[in-house]
Amino acid sequence: AVERRHKKVGVDRGEAYANLGGRTLRSVLNYASAKYETGKGLSILPENPVKRISQTRSWFKVGRRTGHLKPHQLEIWFDAVLNIDNSTIRDYLIFVLLTGCRKDESAKLQWSDIDLTDNSYILRDPKNGRPMQLPLSDYLANMLTARKLSSNNDFVFPGEGVRGYLVEPKRQLAKIIEKTDAPFAMHDLRRTFVTIAESLDISSFAVKALVNHKQGDDVTSG
């Protein structure tokens, strides 16, 4: 049943989505297998059924995404973004591009995470689980200073939904793409930051730190 569902999701929703669903189910069932026991002290799930996908070599081979804005596209992209009527969406997109921060981590930032005295911000609950203090450029510090003066919300980029923070503005992204003829997704902005940082010969340690990628536990990366 797991193998059949994995194949069906791959056809209906996409191969990457199917693999993500399979990995998530495997993780949940591994936890249940270790956590819960029968009255006789045995695991309620002796074997994880997702193993079937590995045993039959059914995982989809999905290539790593590499999309990013090219240098010649940046000027027209900035022109389109700076002309957005919604200042929250405008500033959010620019923040993601100029920090390389993940879209959700950017959206969830609160003013308590921003230090405009030493121009830095803190990711308190990042994807890799390690809180990190990162620098803000003068451009971003000035932008955030202006935002804070007119803000009456705990979130730097507030939204109208129940979460309180901005959710990916897909309609605005579609408008920008239409104006610029430069298709992009939110994560492409993060990849753009990394690509440009690499082109400037910034060390790999520094680039990984700036985008809060896990680097291992050796002394130098620490």
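Everything numeric here is computed off the predicted structure, so don't read it as measured data.
Counting heavy atoms from C-beta on, the side chains of Met186 and Leu173 come closer than 4.5 Å. Within the 4.5 Å cutoff, the side chain of Phe157 has no heavy atoms near those of the Lys108 side chain. Side-chain contact between Leu123 and Cys101: present, with at least one pair of heavy atoms (C-beta onward) separated by less than 4.5 Å. Between Gln73 and Lys70, the closest side-chain pair of non-hydrogen atoms falls below 4.5 Å. Contact check for Phe193 versus Leu210: side-chain heavy atoms found under the 4.5 Å cut-off.
One distance of note links CZ of Arg191 with OG1 of Thr195; it measures 8.5 Å at 0.5 Å rounding. If you take CD1 on Ile94 and CH2 on Trp77, they are separated by 6.0 Å, rounding to the nearest 0.5 Å. With rounding to the nearest 0.5 Å, the separation of NZ in Lys103 from NE2 in His187 is 9.0 Å.
Taken together through direct or relayed side-chain contacts under 4.5 Å among Ile, Leu, Val, Met, Phe, Trp and Tyr, Leu140 and Leu200 form part of one hydrophobic cluster. The cluster map of Ile, Leu, Val, Met, Phe, Trp and Tyr, joined by side-chain heavy atoms under 4.5 Å apart, puts Ile202 and Val194 in the same cluster.
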Q: Check the pair Ile196 / Ser199 against side chain to side chain contact (heavy atoms under 4.5 Å, CB included), numbers first and verdict last.
A: CA-CA 5 Å; Ile196 293 175; Ser199 73; 4.2 Å; yes
Q: Check step by step if side chain to side chain contact (heavy atoms under 4.5 Å, CB included) holds for Tyr121 and Val156.
A: CA-CA 11 Å; Tyr121 69 103; Val156 177; over 6 Å; no
Q.
side chain to side chain contact (heavy atoms under 4.5 Å, CB included) for Leu69 and Asp188? Distances and angles first, verdict last.
A. CA-CA 7 Å; Leu69 294 173; Asp188 292 344; 5.8 Å; no
Q: Under the side chain to side chain contact (heavy atoms under 4.5 Å, CB included) rule, what do Ile122 and Met132 come out as? Steps first, then yes or no, please.
A: CA-CA 6 Å; Ile122 296 176; Met132 188 79 168; over 6 Å; no
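In terms of modelled atom types and a separation under 3.5 Å, the side chain of Ser43 and the main chain of Ser33 share a donor-acceptor contact. Side-chain atoms of Arg52 never come within 3.5 Å of backbone atoms of Glu3 as a donor-acceptor pair (strictly under, hydrogens ignored).
Scanning all heavy atoms of the two residues, the minimum distance from Val50 to Leu29 falls at CG2-CD1, 4.4 Å.
No close placement of the His68 and Phe184 rings is indicated, their centers lying 6.0 Å or farther apart. A ring-centre distance under 6.0 Å is not found for Tyr92 and Phe155.
Side chain to side chain, Thr88 and Arg147 meet the donor-acceptor criterion of an N or O pair below 3.5 Å. Side-chain contact, Ser151 with Asn153: no donor N or O sits under 3.5 Å from an acceptor N or O.
Seen from the ring of Tyr17, Arg13 counts as a face-on cation partner, given the 6.0 Å and 45° thresholds.
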